[in-house]
Amino acid sequence: MHRVTLFVEDVGHEVFLRALLERLAELHQIEIDVKPRSVRGGRGKMLKELRQFVRDLQANREELPDLQVVGWDASCQGHAECRRQIDEVIQEFKPIAVAAIPEPHLERWLLIDSAAFKTVLGKGCDMPDRKCERDRFKELLRSAVREAGRSPLLGGMEYACLLYT
């Protein structure tokens, strides 16, 4: 059993990345145990918590996972800058780490694939432009889920896992 730790910025990334990892594990006939570590409160808080998590791993090596996935939105900063910030924190654990950085936001990724959206929710959605504004793509996803006749209980992210199963 391979141990995977998810260190993500919110429940949306947790739902999406867990589904993706479990699907990949199933396809490759690998058993995984996914342990999520979600952080709320923005990028600064997440970086602080990630630093603490890394210090805890350094002190307690038996807790070291086989794979560490760090997920947060590029939020219009760009993939390279986000990756640099993550790499700066995880340093010695880079060989077991993967940075999952949707550009600019995970919610936009889900809206881009209208055919998959329609398969899961029964109705397609409009592809959003790349204009970055705080929480814009979250609201567009919630609206698209409502327009499909569903309730976005987790902002629509609860349907993300169905897109990749």
If we ignore angles and hydrogens, is there a donor and acceptor under 3.5 Å between the side chains of Glu147 and Ser143?
-> no

Taking the side chain as C-beta and beyond, is there a heavy-atom pair between Val11 and Met157 under 4.5 Å?
-> no

Shared ILVMFWY cluster between Met127 and Leu106, side chains joined below 4.5 angstrom?
-> no

Tell me, yes or no, whether the heavy-atom count around Glu31 atom CD, taken from other residues, nucleotides or ligands under 6.0 Å, exceeds 12.
-> no

Is the shortest heavy-atom distance from the side chain of Leu21 to the side chain of Leu6 under 4.5 Å?
-> yes

Heavy atoms only: give me the nearest Gly156-Val145 pair and the separation to one decimal.
-> CA-CG2, 3.8 Å

Sidechain-backbone polar pair: Ser114 side chain, Cys125 backbone, donor-acceptor under 3.5 Å = yes

Quick one: sort the Phe53 and Phe7 rings into parallel, tilted or perpendicular, breaks at 30° and 60°.
-> tilted

How long is the span from the CG atom in Asp87 to the SG atom in Cys82, to the nearest 0.5 Å?
-> 11.0 Å

Between Lys118 and Gly124, what is the shortest heavy-atom contact and its length?
-> CB-N, 3.6 Å

Salt bridge (charged side-chain N to carboxylate O under 4.0 Å, His left out) assessment of Arg136 paired with Asp129 = CA-CA 11 Å; Arg136 178 171 182 266; Asp129 59 24; 2.9 Å; yes

Under 3.5 Å donor-acceptor, Glu103 side chain and His79 backbone = yes

NZ of Lys94 to CD1 of Ile86, rounded to nearest 0.5 Å, is 11.5 Å

Just how far is it from atom NZ of Lys123 to atom CZ of Arg150, taken to the nearest 0.5 Å?
-> 12.5 Å

Would you indicate whether the side-chain heavy atoms of Leu140 and His105 approach each other to under 4.5 Å?
-> no

Report yes if some heavy atom in the side chain of Arg146 is under 4.5 Å from a heavy atom in the side chain of Ser151; otherwise report no.
-> no

Could you go step by step and tell me if Phe16 and Leu110 meet the side-chain contact (heavy atoms from CB on, under 4.5 Å) rule?
-> CA-CA 10 Å; Phe16 176 82; Leu110 300 176; 4.1 Å; yes

What pair of heavy atoms forms the shortest contact from Asp33 to Met1, and how long is it?
-> N-SD, 3.6 Å

Could Arg37 and Asp56 be called an ion pair, given the rule that one side-chain N must be under 4.0 Å from one carboxylate O?
-> no

Would you say Val15 and Glu158 make side-chain contact, with heavy atoms under 4.5 Å?
-> no

Beyond-backbone contact of Glu88 with Leu47, side-chain heavy atoms, under 4.5 angstrom | no

How long is the gap from CG on Leu57 to CZ on Phe93, to the nearest 0.5 Å?
-> 5.0 Å

So which heavy atom on Ile101 is nearest to which on Trp109, and how close?
-> O-CZ2, 4.3 Å

Where the side chain of Arg108 meets the backbone of Leu141, is there a donor-acceptor pair that is under 3.5 Å apart?
-> no

Would you give the length of the straight line joining atom CZ of Arg18 to atom NZ of Lys35, rounded to the nearest 0.5 angstrom?
-> 8.5 Å

Less than 4.5 Å apart, any side-chain heavy atom of His2 and any of Ile30?
-> yes

For residues Glu107 and Asp73, report the shortest heavy-atom separation together with the two atoms involved.
-> OE1-OD2, 4.0 Å

Heavy-atom distance under 4.5 Å between the side chains of Ile112 and Phe117, does that happen here?
-> no

Could you list the donor-acceptor pairs under 3.5 angstrom formed between side-chain atoms of residues 65-72 and any protein atom two or more places apart in sequence or on another chain?
{"residue": "Asp66", "atom": "OD2", "partner": "Arg3", "partner atom": "N", "Å": "2.7"}
{"residue": "Gln68", "atom": "NE2", "partner": "Thr5", "partner atom": "O", "Å": "3.4"}

From CA spacing to verdict: side chain to side chain donor-acceptor pair (under 3.5 Å), Arg55, Gln58 | CA-CA 5 Å; Arg55 281 192 296 271; Gln58 288 168 329; over 6 Å; no

Which atoms form the tightest heavy-atom contact between Pro102 and His13, and what is the distance?
-> CG-NE2, 4.0 Å

